[in-house]
Amino acid sequence: YGRTRPHNIVSGFWAAFSRDGIRWTDVPGNPVLPDVGDVGNVIWDAHTRQYVAYTKIFAPVDGYRRRSIGYATSPDFITWKPAELILVPDTFDDRWVKQDLQHTDLYGVSAFPYESGYVGFLWIFRITDGGSEGPMLVELVSSRDGITWHRQEGDRPPVLELGPAGSWDAGMIVTPNHPLVEGDRIKLFYGGFGGTHGAGKQQTAAVGLATLRKDGFAS
């Protein structure tokens, strides 16, 4: 994902294959999924027997060009259908807004098959300056088909809280494409940032481990 000529003028997801996880070969004709945003999570969907990419795409919502969630599929990891818009911010996402230009984007989603349905961690980006500044929270979403997603009822509390002020994960939290289930526990290795989105590289970043009892997403 880049804009610098002459090499970085084509944006998209590039595919590569490896037999040992060390030596990789690019797929001819990359990118296999062009013209998507700079955030995406790709999974193998055992329910539908295909690869699924949840990508960042932009959509006009209530006067803003907002980051939203796209959905693309592939039978072989090489041939992808174009990403379709499946989830955008709603009015309740902006309930915190107190001044002009503040609004909420959906920065990304980590969605994965779980038992007979799908569960997702939705990245909520609260833009405080009208540009690229603000914290990123994680909310829980669920689906029966991986396409139509249901938001939490009530106040939509974060499924994983930001850390206290000054901590390594106080500003933003991002999640991997799926958690790990070991016995009766769910393990989620997640990325945390001490600063908000506008802090850029001038902040701390680390990986943390959150745990949950098996099947305990909603309780």
Side-chain angles (χ1 to χ4, degrees), residues 13-24 32-33 36-56 69-77 80 83 86-87 106-125 135-152 156-164 167-194 203-219:
F13 289 148
W14 292 49
F17 292 94
S18 173
R19 291 184 177 275
D20 58 12
I22 299 173
R23 292 173 288 273
W24 291 83
V32 294
L33 184 55
V36 293
D38 58 341
V39 172
N41 285 292
V42 182
I43 59 167
W44 168 253
D45 186 347
H47 294 330
T48 59
R49 308 297 298 175
Q50 62 185 348
Y51 294 98
V52 173
Y54 291 98
T55 67
K56 179 203 289 184
I69 306 301
Y71 174 90
T73 60
S74 171
D76 56 10
F77 208 74
W80 288 85
I86 61 168
L87 188 59
L106 304 182
Y107 204 88
V109 67
S110 304
F112 48 91
Y114 190 86
E115 300 296 345
S116 62
Y118 299 81
V119 175
F121 299 116
L122 184 63
W123 306 353
I124 307 297
F125 182 27
M136 193 179 304
L137 320 172
V138 177
E139 292 181 2
L140 187 70
V141 291
S142 61
S143 175
R144 289 294 183 185
D145 60 7
I147 301 172
T148 302
W149 289 90
H150 301 283
R151 307 288 300 274
Q152 294 180 92
R156 295 179 185 167
V159 67
L160 182 60
E161 295 276 1
L162 291 173
S167 65
W168 63 276
D169 59 353
M172 295 188 294
I173 286 177
V174 295
T175 51
N177 65 349
H178 69 282
L180 303 177
V181 178
E182 291 186 352
D184 62 351
R185 304 293 291 173
I186 296 172
K187 292 183 176 181
L188 180 70
F189 294 91
Y190 70 96
F193 297 83
Q203 61 174 304
T204 59
V207 175
L209 172 62
T211 61
L212 184 71
R213 69 172 179 84
K214 190 175 186 296
D215 303 335
F217 292 102
S219 57

Using atom types as modelled, flag every donor-acceptor pair under 3.5 Å from a side chain in residues 116-125 to any protein atom, sequence neighbours excluded.
{"unit_1": "Tyr118", "atom_1": "OH", "unit_2": "Asp45", "atom_2": "OD1", "d": "3.1"}
{"unit_1": "Tyr118", "atom_1": "OH", "unit_2": "Asp45", "atom_2": "OD2", "d": "2.7"}
{"unit_1": "Trp123", "atom_1": "NE1", "unit_2": "Thr175", "atom_2": "OG1", "d": "2.8"}

Can you tell if the side chain of [X] reaches within under 4.5 Å of the side chain of [Y], non-hydrogen atoms only?
X	Y	result
Phe217	Ser142	no
Tyr51	Ile43	no
Phe77	Phe17	yes
Trp14	Leu33	no
Asp76	Ser74	yes
Phe193	Met136	no
Tyr54	Asn177	no

* To do: Report the distance from atom OG1 of Thr148 to atom CG of Leu87, rounding to the nearest 0.5 Å.
  =>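 So the gap between those two atoms works out to 9.5 Å.
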* By side-chain contact (heavy atoms from CB on, under 4.5 Å) - contacts of Ala170 (at least two apart) ->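 Partners of Ala170 by the side-chain contact (heavy atoms from CB on, under 4.5 Å) criterion, ordered by chain and then number, come out as Ser167.
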Donor-acceptor pairs under 3.5 Å, side chain of residues 180-188 to any protein atom, not counting sequence neighbours: which ones?
{"unit_1": "Glu182", "atom_1": "OE1", "unit_2": "Lys187", "atom_2": "NZ", "d": "2.9"}
{"unit_1": "Arg185", "atom_1": "NH2", "unit_2": "Thr211", "atom_2": "OG1", "d": "3.1"}

* To do: Using atom types as modelled and distance alone, determine if a side-chain donor or acceptor of His47 lies under 3.5 Å from a backbone N or O of Gly146.
  =>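 No, because the side chain of His47 does not come within donor-acceptor range (under 3.5 Å) of the backbone of Gly146.
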* To do: Could you tell me which residues satisfy side-chain hydrogen bond (donor to acceptor under 3.5 Å, both in side chains) with Arg19, sequence neighbours excluded, listed by chain and number?
  =>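 Per chain and number, Arg19 pairs via side-chain hydrogen bond (donor to acceptor under 3.5 Å, both in side chains) with no residue.
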* Using the test side-chain hydrogen bond (donor to acceptor under 3.5 Å, both in side chains), find all partners of Tyr107 that sit at least two apart in sequence or belong to another chain. =>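 Expected list: His197.
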* Asked: After noting the C-alpha distance and the side-chain angles of Tyr114 and Asp215, does the key distance pass the side-chain contact (heavy atoms from CB on, under 4.5 Å) rule?
  -> CA-CA 9 Å; Tyr114 190 86; Asp215 303 335; 2.6 Å; yes
* Knowing that exactly one of Val138, Val174, Leu160 qualifies, which makes a side chain to side chain contact (heavy atoms under 4.5 Å, CB included) with Tyr190? ->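 Output: one option passes, namely Leu160.
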* To do: For Asp20, enumerate each residue passing the salt bridge (Lys or Arg N to Asp or Glu O under 4.0 Å) test, keeping only those at least two apart in sequence or located in another chain.
  =>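 Partners of Asp20 under the salt bridge (Lys or Arg N to Asp or Glu O under 4.0 Å) test: Arg23.
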* To do: Please check if atom CZ in Arg144 has more than 12 non-hydrogen atoms from other residues, nucleotides or ligands closer than 6.0 Å.
  =>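 Not buried by this count: 12 neighbours or fewer within 6.0 Å.
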